[in-house]
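The structure appears below as structure tokens.
Residue numbering restarts at 1 for every chain, and letters A, B, ... go by the order of the sequence lines.
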Amino acid sequence: MTDPLLEVRNLRVAYPSAHGYSDALRGISFTLGREKLGIVGESGSGKSTAGRAIMRLLPPKARVTADALRLSGFDLLGASERQMRDIRGGRIAMILQDPRYALNPLKTVGAQIMESYRIHIKGSRAEARDRMLAMLEDVRIRDPQRVTGLYPHELSGGMGQRVMIAMMLIPSPKLVIADEPTSALDVTVRGQILDVLNERVEAQGAGLILISHDLPLVSDFCDRVLVMYGGQIMEELAAHDLSQASHPYTIALNASLPPLDHAVDELIVPEYDPTWLTEATE
Amino acid sequence: MTDTPVMQPRGSLREWLRAPTASSPRQARAQAVWRGWQRLITNRAAFAGLIVLLILVTLAVVGPWLTPYSVMGQDLSVRLQPPSAQHLLGTDDLGRDILTRILYGARITLMMAALVAVIAGPIGLAVGATAGYLGGWFDIVAMRLVDVFLSFPSLILALAFVAALGPGIENAVIAISLSAWPPIARLARAEALTVRKSDYIAAARLQGASPMRLIMKHVMPICLPSVVVRVTLNMAGIILTAAGLGFLGLGAQPPSPEWGAMLASGRQFMLTSWWLAATPGAAIMLVSLSFNLLGDGLRDVLDPRND
Amino acid sequence: MTTPSLEIVSLSVAFGHGRASVQAVDKASFRVARGEAFGIIGESGSGKSTILRAITGLHDGYDGDVLINGNPAPRPRNRDFFKTVQMVFQDPYSSLHPRRMIRATLMEPLEIYRLDRREARIAQVLLDVGLAPEFAYRYPHQLSGGQRQRVAVARALLLEPEILLLDEPTSALDVSVQAGVLNVLNALRRARGLSYVMVSHDLRVVAHMCSRIAVMTQGRIVEELTVEDLRAQRATQPYTRTLIAASRAAVTAD
């Protein structure tokens, strides 16, 4: 087999604190091919840190180490900042939670998407414009001509996220990291956005990492799921096997969700076992 | 070690302050102060500013006992002496020891700065917080008044007030306060505007809190840190304005050892006896600088985002 | 028929004036019986939170009637009203004053209403929401999100209200923390016979907490149904069906 798209081995992130370093990620390992991988966890589990570490977007004071952090065999950890600038946006794209903060409020949507294209792919202005309009159509924006002239504050949440997806995917990245891409959106548009994301990623043959706190959503959307807690991977599951999860944390997390089909008297509040964090380090 | 018994209570105090959870309101408050203090002393520039200010205050208090010379006593036989072992900073045109006068002058300068801070700070805070929270006509009237004050350079404004009130230290303090509160009010209002719509204000309203209570207990504590920082940073300006008034002969009057007045009277000897003007000038610069350093540090310490 | 604890009659709220005016709530009506939990579900901008803010008087410019135990709520709201109706806000990170100790926050209503046994009341209410009394001596930044929201619930309970308005009380929390807070809210309602009006965008949460549910979109209540009808998917309005379908999409086939 050839190199996997992304190889992460024993990735650790620590931040300086009052007493030496405190760990945000305690050695996570996984590989990713052209597939959809979900990373699920609650706040503080390290799921977002993992995404940012791969992008090398953590603040300089963070101490990042790994036995391997490779994108198609290319060492991301050893890459210079200049090389990373090409990789970010070019070969790895990141979609963030709230497009209202991720888009430049002073530039039109069209200008931003075209800029994203022309930074990474050399081409004429006219070419960029054609690609941009095609891309907007691909993310199922009904009237691309009109939308290109809009400013980010004139977009609804769902529309903003479509624009974000178009902007991130236009340079044809190999890997897309989506960090809570639908959390800021209404339930009825979440599905559409995920559909668009899925369609685009599959059409371009890219790998996708979906980071989310929403266990049912991730299991519905992804091929594989990593469940994280306390900076470690608790369990790796085939997504449709979520109900057959074996780790007590995954089971507890599943059980703490209020069921929609039947009434329960009291919800189960997960209890944490400190041994979860020690056994995995052995 | 012999000082172990002495260390014992201090060790337990430290533990009391560092305990992960407080068990009384007093401990909780002490811990909050302790953490702020820890942040302040890790900020080197701010800590240096604080130390210099503490030394200056101490010197201003005990100064008169440190020097054998009288502040007013003239001795024309030793006039315009350069710095020497006898007169560490030299003597002035009337033979008075400059170091002695600087030490006495520190009292006047620091006192003026403190008085202005105590007058202008609370006025600015109260007007700004109230205007920002209430909005409406109070806001309009207060802010147009502030605009009028801000449209003059503060020294010119202070000059106008002193001209109206008559020269002297007390009037200088009043004049500087009158020109110092508007920027503080503007700042407090901006802070109040950001919190008036916040959930915790809404929650307090639902507890039946009156507007007065909301302003005093909820809005003002939010505005306070930036006002404290601003006042500290303004101290340098206040001292310079005070010195400027003294220099122009409208603040403290000779033979008072106010630094600005000293600078003014040293001016005519500047080319021949530099120490007359340079020493009060250096003193003004040192105090202004340390207030600025402290203010910058306080900004970091008091910023709630650091909590 | 007994008088409902809370009744909203044809409540309308508009923002802005003239042409720029937006109808945030359009003739909403519902009644909540004593001890009942009533849910309002809708997406962002549907006007669901605006209804709660109009009931509390935080938005004073509304048309229609708010009746508490059959009597119109005074305008502006007075202290008697706040003794009957209290509210828990959505974001526990912004609903507690960042510079005040929890004790000061909890002491405030007791001071305003000149109640006695203050320390004892604070300790008791903290226990009721599942926090040790020592939490009174902390500042908000020393608490987790779930603990803050419990404090916010405790503050709302101090005046011993009959009606508690819950504005997305768990949407800022992790699901594991949400479970604990929802359990506390349910236990409190049963123990004290409180009436709840709970607003949420999360169908699961509303279904778990409430017996009757109003569905809101674009300022209107389009449908009111019981939780049993909701679970059995007996909604009649197309919007409700879309909403249920979207929320169910994520439910694995179990």
(request) Compare every heavy atom of S176(C) with every heavy atom of P270(A), then report the nearest pair and how far apart it is. (result) CG-CB, 3.3 Å
(message) For a quick test of reading the model, state the closest non-hydrogen atom pair linking A246(C) to V187(A) and the distance between them.
(response) CB-O, 3.7 Å
(request) Flag yes if more than 12 heavy atoms outside R189(C) fall under 6.0 Å of its CZ atom; otherwise flag no. (result) yes
(message) Please classify the contact of I268(A) with chain C as side chain, backbone, both or neither, using a heavy-atom distance under 4.5 Å.
(response) backbone
(request) Verify the neighbour count for atom CZ of R142(A): are there more than 12 heavy atoms of other residues, nucleotides or ligands below 6.0 Å? (result) no
(request) Compare every heavy atom of R231(C) with every heavy atom of D261(A), then report the nearest pair and how far apart it is. (result) O-CD, 3.4 Å
(request) Using a cut-off of under 4.5 Å on heavy-atom pairs, state which of L267(A), V269(A), T188(A) scores highest against chain C. (result) L267(A)
(message) To the nearest 0.5 Å, what is the distance between CG on N186(C) and CD on E266(A)?
(response) 8.5 Å
(message) Once rounded to the nearest 0.5 Å, what's the spacing between atom NE2 of H208(C) and atom NE2 of H262(A)?
(response) 10.5 Å
(request) Measure the spacing between CG of L257(A) and CG of D202(C) and express it to the nearest 0.5 Å. (result) 7.5 Å
(request) Could you tell me which non-hydrogen atom of P259(A) sits nearest to which non-hydrogen atom of R204(C), and how far apart they are? (result) CA-NH1, 4.1 Å
(request) Below 4.5 Å from any heavy atom of chain A, which atoms of L243(C) appear? Answer side chain, backbone, both or neither. (result) both
(request) Name the region of Y249(A), side chain, backbone, both or neither, that has any atom closer than 4.5 Å to a heavy atom of chain C. (result) neither
(request) Report yes if some heavy atom in the side chain of Q178(C) is under 4.5 Å from a heavy atom in the side chain of P258(A); otherwise report no. (result) yes
(message) So for atom CD, which belongs to Q218(C), do other residues, nucleotides or ligands contribute more than 12 heavy atoms lying within a distance under 6.0 Å?
(response) no
(request) Kindly check if the number of other-residue, nucleotide or ligand heavy atoms within 6.0 Å of OH (Y101(A)) is above 12? (result) no
(request) Give, as side chain, backbone, both or neither, the part of V264(A) having an atom under 4.5 angstrom from any heavy atom of chain C. (result) both
